[in-house]
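Beneath this line is the structure, given in structure tokens, with notes to follow.
The residues of the chain are indexed from 1 along the displayed sequence.
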Amino acid sequence: MSKADLRDLALARRSLLTETEHRTRSQAAASCMAGLIRPGEDVALFLPIRGEIDTGPLIETVRERHGRVLLPAVEGDAIVFRLYGDGDQLADGPFKTRQPDATAPEGAPDLIVAPLAAFDDAGNRIGYGGGYYDGATARLDAAGHRYRFCGFAFSCQKVDTIPAEPHDRRLDAIVTEDGVTWFKEPA
């Protein structure tokens, strides 16, 4: 199957979740992800769109642990991670996203919690086709920045195999309502 077909399949499965299933599975996954958030870390999260898993509880976890929340902000054909403080106003971004405005400071995350459309047992992910996270992680890697790269999704978004390309950044872990699966030794 092509990446586009796999994306459509996984998103169709996700769309079948009832409101109650979405809420309870999001809460269970957030509990699992909380174990990966270390005190004082800069954590890049995303604000959910189009039925994505809810990251709201993770924002609270980061703040309770005296960390800083970073959100992706699209700038041209790339994303940067900008600080998102409690009560900060958000601007409209592409694809019906909300993002910090250009005056918010940039940060280099210790943990990136990435959205995705689909994932497989090898740690490959499919996003929405823009390559934003592949580009952002490539820039962090080139700068020698160390971070953990974790997908955050529902278990129904898992597919058998994703055809990976050389530029695709594999996940270090995937977190779903079923728990944490590591693909690379945790740093």
Side-chain angles (χ1 to χ4, degrees), residues 14 22-117 119 125 127-128 130-141 143-154 157 169 171-177 179-180 182 184 186-187:
R14 185 176 78 189
H22 190 283
R23 185 178 54 257
T24 58
R25 291 179 187 197
S26 288
Q27 290 168 345
S31 293
C32 295
M33 180 63 81
L36 277 62
I37 298 171
R38 298 173 184 159
E41 282 192 313
D42 285 354
V43 180
L45 297 172
F46 61 92
L47 298 178
I49 59 171
R50 298 183 285 184
E52 288 176 330
I53 195 165
D54 184 14
T55 57
L58 300 178
I59 292 172
E60 297 310 312
T61 299
V62 171
R63 291 183 176 151
E64 287 169 2
R65 295 183 183 169
H66 307 288
R68 298 189 318 164
V69 174
L70 304 170
L71 293 177
V74 176
E75 296 184 358
D77 61 352
I79 60 169
V80 296
F81 298 106
R82 295 197 175 277
L83 184 63
Y84 173 57
D86 191 22
D88 284 359
Q89 295 298 312
L90 296 170
D92 291 332
F95 316 110
K96 298 185 180 181
T97 59
R98 304 283 293 153
Q99 63 186 40
D101 68 28
T103 63
E106 282 188 45
D110 302 300
L111 171 63
I112 298 174
V113 178
L116 52 85
F119 67 94
R125 70 180 278 281
Y128 297 106
Y132 291 108
Y133 280 83
D134 291 327
T137 56
R139 286 190 305 281
L140 290 169
D141 292 343
H145 183 71
R146 292 181 50 116
Y147 60 92
R148 298 174 328 280
F149 185 52
C150 299
F152 190 55
F154 296 112
Q157 293 173 249
R169 169 63 157 85
L171 298 167
D172 297 330
I174 182 72
V175 179
T176 71
E177 71 275 18
V180 179
W182 287 98
K184 176 181 170 186

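Taking every heavy atom of both residues into account, Phe149 and Ala114 meet most closely at CE1-CB, 3.6 Å. Across Ala136 and Phe81, no two heavy atoms sit closer than the pair CB-CE1, 4.0 Å. Taking both residues in full, the closest heavy atoms of Pro100 and Pro72 are given as CD-O, 4.1 Å, listed atom of the first, atom of the second, then distance.
For residues 51-69, the pairs satisfying side-chain hydrogen bond (donor to acceptor under 3.5 Å, both in side chains) are Asp42-Arg68, Glu52-Tyr128, with sequence neighbours left out. Applying the side-chain hydrogen bond (donor to acceptor under 3.5 Å, both in side chains) test to every pair with at least one member in residues 74-85, sequence neighbours left out, gives these pairs: Glu75-Arg82.
Using a 4.5 Å cut-off on side-chain heavy atoms (C-beta onward), Phe154 and His22 make contact. Within the 4.5 Å cutoff, the side chain of Phe119 has no heavy atoms near those of the Phe152 side chain. Side-chain atoms of Lys184 and Arg148, non-hydrogen and from C-beta on, never get closer than 4.5 Å to each other. Using a 4.5 Å heavy-atom cutoff, the side chains of Leu47 and Ile59 are in contact. The side-chain heavy atoms of Leu116 and Leu171, taken from C-beta on, include a pair separated by under 4.5 Å. The closest side-chain heavy-atom distance from Leu45 to Val43 is below 4.5 Å. Looking at Arg169 and Asp141, their side chains come closer than 4.5 Å, going by heavy atoms from C-beta outward.
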Could you walk me through whether Leu83 and Leu71 pass the side-chain contact (heavy atoms from CB on, under 4.5 Å) test, one step at a time?
-> CA-CA 6 Å; Leu83 184 63; Leu71 293 177; over 6 Å; no

Could you check Leu36 against Val175 for side-chain contact (heavy atoms from CB on, under 4.5 Å), going step by step and ending with a plain yes or no?
-> CA-CA 10 Å; Leu36 277 62; Val175 179; 4.1 Å; yes

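A side chain to side chain contact (heavy atoms under 4.5 Å, CB included) with Leu111 is found for exactly one of Leu70, Ile37, Val62, namely Ile37.
Pro94 is linked by a side chain to side chain contact (heavy atoms under 4.5 Å, CB included) to Val74, Thr97, Gln99, counting only residues two or more places apart in sequence or in another chain. Residues that satisfy the side-chain hydrogen bond (donor to acceptor under 3.5 Å, both in side chains) test with Arg98, not counting sequence neighbours, are Asp92. Residues meeting the side-chain hydrogen bond (donor to acceptor under 3.5 Å, both in side chains) test with Asp110, sequence neighbours left out: none. Considering only residues two or more places apart in sequence or on other chains, Tyr132 meets the ring pair (Phe, Tyr, Trp, His ring centres under 6.0 Å) condition with none of them. The side-chain hydrogen bond (donor to acceptor under 3.5 Å, both in side chains) check on Glu177 picks up Ser155, with sequence neighbours excluded. For Ala138, there are no side chain to side chain contact (heavy atoms under 4.5 Å, CB included) partners two or more places apart in sequence or in a different chain. Scored by the side-chain hydrogen bond (donor to acceptor under 3.5 Å, both in side chains) test, Asp134 finds no partners at all (sequence neighbours excluded).
The structure places CD1 of Ile174 at 7.5 Å from CE of Met33, a figure rounded to the nearest 0.5 Å. Put simply, OH on Tyr147 and CD1 on Ile112 are 5.5 Å apart, with the number rounded to the nearest 0.5 Å. Atom OG in Ser31 sits 9.0 Å away from atom CG in Leu58 (nearest 0.5 Å).
With His145 contributing its side chain and Pro109 its backbone, the two residues share a donor-acceptor pair below 3.5 Å. In this structure a side-chain-to-backbone donor-acceptor pair under 3.5 Å is present from Gln157 to Ala117. A donor-acceptor pair is defined here as one N or O able to donate and one able to accept, closer than 3.5 Å; no such pair exists between the side chain of Arg125 and the backbone of Cys150.
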